[in-house]
Amino acid sequence: RKDRDADDATMSDITSSENEGYAFAMAGEALALGAFAAIWIVLVAATGWTAIIHTSIPVTLQALMLAGATAFLMLTFRDMSGGHLNPVMTLATGLAGRQHWRASVGYSIAHIAGALGGIAIGYAFATAQPIFPLTEARVIAEFLGAAVVINAVVALRNEAPVDAALGTGAAVALVYWISGGETLANPALTLAQGLFGLGIDTIQAGPIVAAQLLGGFTGYYVARLLWP
């Protein structure tokens, strides 16, 4: 009886510790993507700014800023939560059985919460942006962009942390630059954009997120075949 009670107490401690670990990691993911979203909104959103910058920032400079922000946040939050910064990567990792489903779902929720929080903070500094028509080219670009970014993350997973972070940042910047500043290949950021009406509305966010998820999963599994 005493042994069983001791075992139950031990299991309870382990479960409590796991829950605390998940909560800590979820907070890390939310903070990381929230910071990324705030940086994007305040410094590098597509058109022009009134409160901080009075002329638009060239797309090339925007892309370089995003590369630096991505690398910095991945390294900063690497030990806390893994620094995924993207729910596609988190969900694909879970589907592949390389991460507990609780972590995959929790981190994805944290990504969305972080993106909403970050954009809400940066939104106060932004000028209004019109809602642009959603084109087939945009949807295809989101699919390809997500595939490229997630493929790069997987391909670089065994490299040194700094090299992996810089490589992933370069992939994000390349996708953003080629798309002319439209594609971030991140469903959490897309949902937040739609809710705040930053270039897209909530209806347009649906097909964009679907393309990002499909492209991200494709990139993940292709990368797993190429770099097992």
Checklist entry - Is the closest side-chain heavy-atom distance between Y176 and T183 below 4.5 Å? => result no

Next on the checklist: Would a single hydrophobic cluster contain both L144 and I178, if residues Ile, Leu, Val, Met, Phe, Trp and Tyr are joined by side-chain heavy-atom contacts under 4.5 Å?
Outcome noted: no

Item to check | Minimum side-chain heavy-atom gap L156-T168 below 4.5 Å | outcome: yes

Next on the checklist: If you compare all heavy atoms of G216 against all heavy atoms of A146, which two are closest, and at what distance to 0.1 Å?
Outcome noted: N-CB, 3.6 Å

Checklist entry - Can you tell me how far the CD1 atom of I112 sits from the CG atom of N186, to the nearest 0.5 Å? => result 9.5 Å

Checklist entry - Does the side chain of Y220 come within less than 4.5 Å of N151's, by heavy atoms? => result no

Checklist entry - Taking a hydrophobic cluster as the set of Ile, Leu, Val, Met, Phe, Trp and Tyr residues connected by side-chain heavy atoms closer than 4.5 Å, whether directly or through intermediates, do L191 and L213 fall within one such cluster? => result yes

Item to check | L226 atom CG, neighbour heavy-atom count above 12 within 6.0 Å | outcome: yes

Checklist entry - When hydrophobic residues are tied together by side-chain contacts of less than 4.5 Å, even through go-betweens, does V172 share a cluster with L166? => result no

Checklist entry - If you round to the nearest 0.5 Å, how far is CZ of R138 from CD1 of I140? => result 12.5 Å

Next on the checklist: Using the rule that Ile, Leu, Val, Met, Phe, Trp and Tyr join whenever any side-chain heavy atoms are under 4.5 Å apart, tell me whether L189 and F72 fall into a single cluster.
Outcome noted: yes

Checklist entry - So do the side chains of P87 and I109 get within less than 4.5 Å of each other, counting heavy atoms only? => result no

Item to check | Flag side-chain contact, heavy atom, 4.5 Å: T190 against L184 | outcome: no

Checklist outcome for this item: Closest heavy-atom pair, A170 versus A67, reported as atoms and distance to 0.1 Å, is N-CB, 4.4 Å

Checklist entry - Which atom names give the shortest non-hydrogen contact between E182 and E142, and what distance separates them? => result O-OE2, 3.8 Å

Item to check | Pairwise side-chain contact, N86 with Q212, heavy-atom cut-off 4.5 Å (strictly under) | outcome: no

Item to check | Nearest heavy atoms of A165 and L75, plus distance in Å | outcome: CB-CG, 3.7 Å

Checklist entry - Would I150 and F217 satisfy side-chain contact (heavy atoms from CB on, under 4.5 Å), going step by step from the backbone distance to the final call? => result CA-CA 8 Å; I150 301 303; F217 291 156; over 6 Å; no

Item to check | Gap between atom CG of L195 and atom CD1 of I200 - 0.5 Å precision | outcome: 9.0 Å

Item to check | side-chain contact (heavy atoms from CB on, under 4.5 Å) evaluation trace for T218 with F143 | outcome: CA-CA 9 Å; T218 301; F143 172 87; 3.9 Å; yes

Checklist entry - Going through the distances and angles, do V154 and W227 end up as a side-chain contact (heavy atoms from CB on, under 4.5 Å)? => result CA-CA 8 Å; V154 177; W227 297 281; 5.5 Å; no

Item to check | Within one Ile-Leu-Val-Met-Phe-Trp-Tyr cluster: V88 and Y221, side-chain cutoff 4.5 Å | outcome: yes

Item to check | side-chain contact (heavy atoms from CB on, under 4.5 Å) between V139 and T135, intermediate numbers included | outcome: CA-CA 7 Å; V139 175; T135 63; over 6 Å; no

